[in-house]
Amino acid sequence: MDIRFDDQVVLITGASTGIGAALARAFGTAGAKVVVHYNRSPDQANEVVQDIEQHGGKALGLQADLTQADQLKKLAATTLSTFGKVDVLINNAGGLVERVPIAQMSDETFEQVIDLNLTQVFQLCRALIPAMQKQGHGNIINVTSIAARNGGGSGAVAYATSKGAISTFTHGLAKELIDSNIRVNALSPGVILTPFHERYTDATRMEAMVKTIPMNRAGEPEECVGTVFYLASDMLSRYVTGQVIEVNGGQYMP
């Protein structure tokens with residue numbers, strides 16, 4: 001089955017690397033007009049845009065620090081002014097900030113984690129839901145984490161907490177938007193080989209995590225594409241909303 005998103009506008013946050021970049025390339029190949037959001041990785045974002053265009057797709061790279069409300073609003077406004085709509089919003093941007101035990105974590109770091117992983121998702125949804133309601137349809141896919149289920153690894157309690165909130169936000173928002181013909185679901189990745197782990201997970205920790213995965217390996221960003229395509233496709237999942245789908249090689253089985 002050839003899953004297509006022709007003429008749909010897909011905004012993906014954190015799309016310059018990792019899962020976001022894999023999704024952007026895939027949606028571009030499938031006919032979507034892709035907004036490639038990035039913050040600090042302009043070269044990588046430009047590479048994603050060029051890859052999409054070289055394969056005949058359409059893409060627009062937009063920079064914004066999503067923890068800054070004015071920049072977030074500009075991202076939403078520019079997307080709508082350029083394309084006139086947003087069919088699919090994928091809230092992928094997020095991060096650990098740093099591994100630190102709660103007893104040693106500063107208020108500032110905790111607030112940074114919450115702002116980066118939760119507040120900006122709420123604010124971007126708030127900015128774009130009215131446009132989706134006006135056009136009569138929409139699809140929101142949030143990226144949570146296996147950490148939302150198991151509390152996260154060492155020094156990642158605040159991150160896990162923020163992702164747990166994203167899962168709850170997904171459930172509640174799905175019910176809130178049912179009458180607007182807007183579906184809301186979430187992707188919950190396990191250990192995926194992305195810059196996230198390059199930054200925060202050393203080789204010893206990675207080896208220990210992989211030993212807990214029945215498939216005996218970490219995942220690749222591209223292995224998240226199929227699940228997101230399923231959630232984004234009305235043809236495949238029109239009766240699916242409020243769900244959190246785990247992609248983790250069997251590491252967690254709810």
Side-chain angles (χ1 to χ4, degrees), residues 12-23 37-41 64-68 72 90-125 140-173 184-213 218-221 223-224 227-228 244-249 251-252 254:
I12 306 172
T13 65
S16 58
T17 62
I19 293 172
L23 294 175
H37 160 263
Y38 67 96
N39 183 19
R40 298 176 180 174
S41 306
D65 180 347
L66 297 180
T67 66
Q68 302 300 312
L72 182 147
I90 301 176
N91 288 306
N92 169 71
L96 185 62
V97 180
E98 63 175 314
R99 287 191 185 274
V100 57
I102 288 296
Q104 300 169 20
M105 180 173 283
S106 66
D107 289 348
E108 180 182 21
T109 298
F110 184 82
E111 290 169 2
Q112 287 177 342
V113 173
I114 298 302
D115 286 347
L116 179 60
N117 293 293
L118 177 60
T119 305
Q120 57 92 1
V121 173
F122 148 67
Q123 291 179 336
L124 195 53
C125 285
I140 298 171
I141 301 171
N142 300 317
V143 177
T144 178
S145 168
I146 192 174
R149 298 281 197 174
N150 62 23
S154 175
V157 174
Y159 171 79
T161 300
S162 68
K163 289 301 187 178
I166 288 295
S167 296
T168 301
F169 182 76
T170 298
H171 298 317
L173 190 61
V184 187
N185 292 287
L187 167 74
S188 177
V191 182
I192 307 295
L193 296 174
T194 68
F196 177 98
H197 285 297
E198 293 174 5
R199 187 177 300 118
Y200 301 116
T201 306
D202 60 30
T204 300
R205 190 187 301 272
M206 176 61 72
E207 182 180 2
M209 290 193 299
V210 168
K211 286 180 178 179
T212 69
I213 302 172
E220 298 288 345
E223 292 178 299
C224 295
T227 299
V228 174
V244 176
I245 299 185
E246 308 290 336
V247 179
N248 57 45
Q251 188 180 23
Y252 179 84

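Worth knowing before you read on, the calculation uses all heavy atoms, side chains too, and leaves out hydrogens, waters and symmetry mates. FYI, the numbering just counts along the sequence from 1.
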Between the side chain of His37 and the main-chain N/O of Ile12, is any donor-acceptor distance below 3.5 Å?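 Side chain of His37 to backbone of Ile12, a donor-acceptor pair under 3.5 Å: no, none is there.
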Is a donor on one side and an acceptor on the other found under 3.5 Å between the side chain of Glu207 and the backbone of Thr204?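 Not a single qualifying donor-acceptor pair exists.
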Run the side chain to side chain contact (heavy atoms under 4.5 Å, CB included) check on Gln120 and Asp115 step by step: do they pass? CA-CA 6 Å; Gln120 57 92 1; Asp115 286 347; over 6 Å; no
Show the numbers, then the answer: is there a side chain to side chain contact (heavy atoms under 4.5 Å, CB included) between Ile213 and Val191? CA-CA 9 Å; Ile213 302 172; Val191 182; 4.0 Å; yes
Atom [atom1] of [X] and atom [atom2] of [Y]: how far apart are they, to the nearest 0.5 Å?
| X | Y | atom1 | atom2 | value |
| --- | --- | --- | --- | --- |
| Leu124 | Leu72 | CG | CG | 5.0 Å |
| Ile245 | Cys224 | CD1 | SG | 11.5 Å |
| Gln104 | Arg99 | CD | CZ | 14.5 Å |
| Ile114 | Thr119 | CD1 | OG1 | 7.0 Å |
| Leu116 | Leu96 | CG | CG | 9.5 Å |
| Leu193 | Glu223 | CG | CD | 9.0 Å |

Is there any salt bridge (charged side-chain N to carboxylate O under 4.0 Å, His left out) pair reaching into residues 149-158, and which pairs are they, with sequence neighbours excluded?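 Non-adjacent pairs meeting salt bridge (charged side-chain N to carboxylate O under 4.0 Å, His left out): Arg149-Glu246.
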So, [X] versus [Y]: side-chain donor-acceptor pair below 3.5 Å or not?
| X | Y | value |
| --- | --- | --- |
| Ser188 | Thr144 | no |
| Ser106 | Thr109 | yes |
| Asn91 | Thr13 | no |

For Asp65, all residues meeting side chain to side chain donor-acceptor pair (under 3.5 Å), sequence neighbours excluded: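 With sequence neighbours excluded, Asp65 shows a side chain to side chain donor-acceptor pair (under 3.5 Å) to Thr67, given in chain and number order.
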Tell me, with the steps shown, if Lys163 and Asn117 meet side chain to side chain contact (heavy atoms under 4.5 Å, CB included). CA-CA 7 Å; Lys163 289 301 187 178; Asn117 293 293; 3.8 Å; yes
How far apart are the closest heavy atoms of [X] and [Y], and which atoms are they?
| X | Y | result |
| --- | --- | --- |
| Ala158 | Phe110 | CB-CD1, 3.8 Å |
| Met209 | Thr212 | O-OG1, 2.6 Å |
| Pro189 | Ile19 | CG-CD1, 3.8 Å |
| Ser154 | Arg205 | CB-NH1, 3.4 Å |
| Ala147 | Ala160 | O-CB, 3.3 Å |
| Val121 | Phe169 | CG1-CE2, 4.0 Å |

Are Asn185 and Val244 close enough that some pair of their side-chain heavy atoms sits under 4.5 Å apart?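 Result no, sub-4.5 Å side-chain heavy-atom pair not found.
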Please evaluate residues Asn39 and Leu66 with respect to the criterion side chain to side chain contact (heavy atoms under 4.5 Å, CB included), reporting the C-alpha separation (whole Å), side-chain torsions for both, the decisive distance (0.1 Å), and the verdict. CA-CA 8 Å; Asn39 183 19; Leu66 297 180; over 6 Å; no
